[in-house]
A.B. asks: 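One structure coming up, written as C-alpha cells, with questions to follow.
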Amino acid sequence: MSLYFGGDYNPEQWPEDVWHEDVALMRRAGVNLVSVGVFAWSRLEPEEGRYDFGWLDRVLDLLDEGGVKVALATPTASPPPWFSLAYPDALPVRADGTRLLHGSRDTYCGSAPAYREACRRIAGELGRRYAGHPALALWHVHNEYGTACHCDHAAAAFRGWLRKEYGDLDALNDAWVTDFWSQRYSDWEQVFPPRATQYLANPGQLLDFRRFWSDELLAAYTEQRDVLRAATPDVPVTTNFVFGGWVPVDHARWAREVDLVAIDDYPSDAGPAAEEQVAFAGDLARHWAGGDKWLLMESAPNLIYTPGRMHAKEPGRMLRHSLAHVARGSRGAMFFQWRAPRGGAERFHSALVPHAGPDSRTFREAVELGSALRALSEVEDGAIEAPAAIAWDAASWWALQGPGLPWEGIDYLAEARAAHRALWTAGITTDFVSLSRPLAPYRLLVLPAHYLMSDAAADAVAAYVDAGGHLVATYLSGIADERGRVRLGGYPGALRDVLGVRVEEFRPAAHGWDEAVTLNGAAWERPGVTRHRYGAGTAWYVSTPLDDEAYRELMAEAAGITPAPPRLELVRRRGDGMSWLFALNHTDRTALGPANGVDLLSGASVSGVLELPAGGCAVIREVDIVPGKPLP
Ligand code: GLA
C-alpha cells in the first residue's frame, strides 16, 4: 500500500478544462488521494431538495481514469444561503446574542433539528450516488468540527445533556458550586448555555458546556457516519480533527468513532518552533489513534497564516515536515489545498499548484515529495518506539481557560508544548497518553499543568511511580477534581503524597509563577524542582517555569538518557523483523548521526555514521539492529 499524497481539491471553483490539467499535474506529482466536495453544498444542492451531481460524477470519473482516489466529503461545514433563509433558527448565536448569517462558513447551530436533518439528507444522497464508485476510498465527513452555539436549540440540548450527566439538579448544583453568588438552580429551565453575563461566569458551567458540545457535535458526526456506512459498509469514514483552544471537541473520545484518525496541522510559528509543533501534532494524533496509524489530512504547502501576516515555508520544509509526520505514524501527507483559488477569503492561502502555476518552487517541491513518499511505502506498518509519555487532557485545557484563575498567563497548550519540546530537543520520542490508559510501558511520565484530576487518575499515577516509574509533574497539576472543584488540604491536592510536597500558597510573580513549597519527603534538586523517592520510583515536582535548557536536562535525567544533539530529529519505526530510522536535520549545518543501512530516499548505503546536510532528511532501512538493544 502506498502512502497517501494529495490534498483538498475544489473543482467546483474551476471550469472543466482546468480539471483535465489538474489530473495531468496530479499524475506528474504522484498525487494518489484528494478530498473532494468539502465546501460544495451550494453546487450539489442549489435549491432545497434539487440536486446536481452531474459535475461531481464527471470529476470522480476523471480522477479515477487518472488513478487518483477520492476522500469524498459531505459538505455540511458550509450550508448554502438558501438554507439560512429557510431555517433562520438554525443559524448560530454567539454568547452575546448575535445571530450570525451566511457569508463565511460554519454558519449553523449543531443542535438545530433542521440543520441536522439537512446534513443527514445530503450525506444520504452522496452515499447512495457514489456507493461502488471505483475512485471512492474514504468518506470525509464535514470539516473541522468545532463550532459552538448559544441559541435556544443549544440550550435545550445542553439541559438534556446535563440531566443525563447529573440525574438531578442537586448534583449539578453541587458540581458547579452554585451556592457561590446565589446561582442555585431550582428548575432545569433556569439553566442556560453560558451567555453574556455581568461579571465572571461560573467555571463549572463553562467546563460542562465544552463537554456538552463535544458530545453534541460527535452525535452530529455519527449520524452522518451511520448514513454513509449504511450505503457503503466497506468504505472507511473519518472527519478531519482541528486543533485549537476554541475547539470544544475531545478528540481522544471522538477517535473511537472514526475509522481513521485524520488531523489538520498548521504550525502557528514559522520559525524553528514549527518543527517542534509538527512533532507535537503528530505525537498527539498517534495518541488519538491509540498508537495506530493516522493521516495528516491537511497542512500548508507554503505560506502559513501567522498572527499579523503570512509567512513562507522555507525550501525543504514541505518534505521535512511531511516526513516528520510519517515518522510518527501518518499514512501520508495531505495538503490544503491542491490549487490556489482566484477569490474567496483564502485566496492567498498556499497550494500545491500556486497562483504562479506548476512552474514554481512549491510545485517542484510537491513533485519531490510525491517521489519521496513513493519510496517509503514499506514503512507504513512500522510501530513507533517511545520511552516517554505526556498526559494529555482536553478538559484540563478547557478548565484552565476559565475565569478567576490565580494566573491569567497560564496556557495549558503552551505548558504541554514546553514539556514536549524539552523531550523533543533531548531526542526522546514521546507518546501522549490518557491517565486512564496503561502507564507502565513508559520509563517517564510527564504531567504538564494537569489541572483536573479524578481520584482514579491520581491513583493510577501513584501506582505507576510506586512500581518504578519516573514522574515529572508541573505546577497547577492535580489541583481540582474532574468537575473543577479545588482539592483541599494543600496543593497539588491529588499529587501531594506521590510528589512528597505540600504547597500552602501560590506566589504568582512577575516572571509567571511560583509557590511556597514545603518538603514532605522530597528534597530540592535545583531551584524550582524537587525530587521524591516513592516506592520503587521517583517523582519530580516543577513548581516554577524552567527555561528550555533546564527543562531539557531534567527530562534527560528523568528518562535516564544522554540527550541527543538538539534539532537532529531521530525517530525509529519498527516492523516485523525490520526497522526504519527517520533522520531529519532541522539545523543549518551538516549533522552527524549514528546509522547503519540504506537510505530509502537517496538509495545510498550508510555504515556507522550518517552525514546529513543542513535541512536534509534520510529514512534508513536499518541492518544489524539487535532487538532490545538501547537506541543509539
Ligand atoms: C482549515 C480548513 C481549511 C482551510 C485551512 C486554512 O484546516 O479545514 O478549509 O481553511 O484551515 O489553513
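Worth knowing before you read on, the calculation uses all heavy atoms, side chains too, and leaves out hydrogens, waters and symmetry mates. Indexing begins at 1, ligand by ligand and atom by atom, following the structure's order.
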A.B. asks: Look at the aromatic rings of H349 and F336 and report parallel, tilted or perpendicular, splitting at 30° and 60°.
C.D. replies: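 Ring orientation of H349 relative to F336: perpendicular.
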A.B. asks: Could you go through ligand 1 and note, for every N or O atom, any protein N or O atom closer than 3.5 angstrom, writing the atom names and distance to 0.1 Å, or 'none'?
C.D. replies:
unit_1   : atom_1 : unit_2 : atom_2 : d
ligand 1 : 7 (O)  : E144   : OE2    : 2.4
ligand 1 : 7 (O)  : D264   : OD2    : 3.4
ligand 1 : 7 (O)  : E298   : OE1    : 2.5
ligand 1 : 8 (O)  : N143   : OD1    : 3.3
ligand 1 : 8 (O)  : N143   : ND2    : 2.8
ligand 1 : 8 (O)  : E144   : OE1    : 3.4
ligand 1 : 8 (O)  : E144   : OE2    : 3.2
ligand 1 : 8 (O)  : E298   : OE1    : 3.1
ligand 1 : 8 (O)  : E298   : OE2    : 2.8
ligand 1 : 9 (O)  : R105   : NH1    : 3.0
ligand 1 : 10 (O) : R105   : NH1    : 3.0
ligand 1 : 10 (O) : R105   : NH2    : 3.3
ligand 1 : 10 (O) : E346   : OE1    : 3.0
ligand 1 : 10 (O) : E346   : OE2    : 2.5
ligand 1 : 12 (O) : H349   : NE2    : 2.7

A.B. asks: If the plane angle is over 60° it's perpendicular, under 30° parallel, otherwise tilted; pick one for H142 and Y108.
C.D. replies: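 H142 and Y108: perpendicular rings.
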A.B. asks: Taking the side chain as everything from C-beta on, heavy atoms only, tell me whether L206 gets closer than 4.5 Å to W398.
C.D. replies: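 The answer is no, as the side chains (C-beta and beyond) never meet within the 4.5 Å cut-off.
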A.B. asks: Which label fits F243 and W397: parallel for a plane angle under 30°, tilted from 30 to 60°, or perpendicular past 60°?
C.D. replies: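 The arrangement is tilted - the two ring planes meet at 30° to 60°.
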A.B. asks: What orientation do H150 and F209 show, parallel under 30°, tilted 30 to 60°, or perpendicular over 60°?
C.D. replies: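 Rings of H150 and F209: tilted, 30 to 60°.
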A.B. asks: Would you please classify the geometry between the F83 ring and the Y115 ring as parallel, tilted or perpendicular, with 30° and 60° separating the classes?
C.D. replies: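 The rings of Y115 and F83 stand perpendicular, inter-plane angle above 60°.
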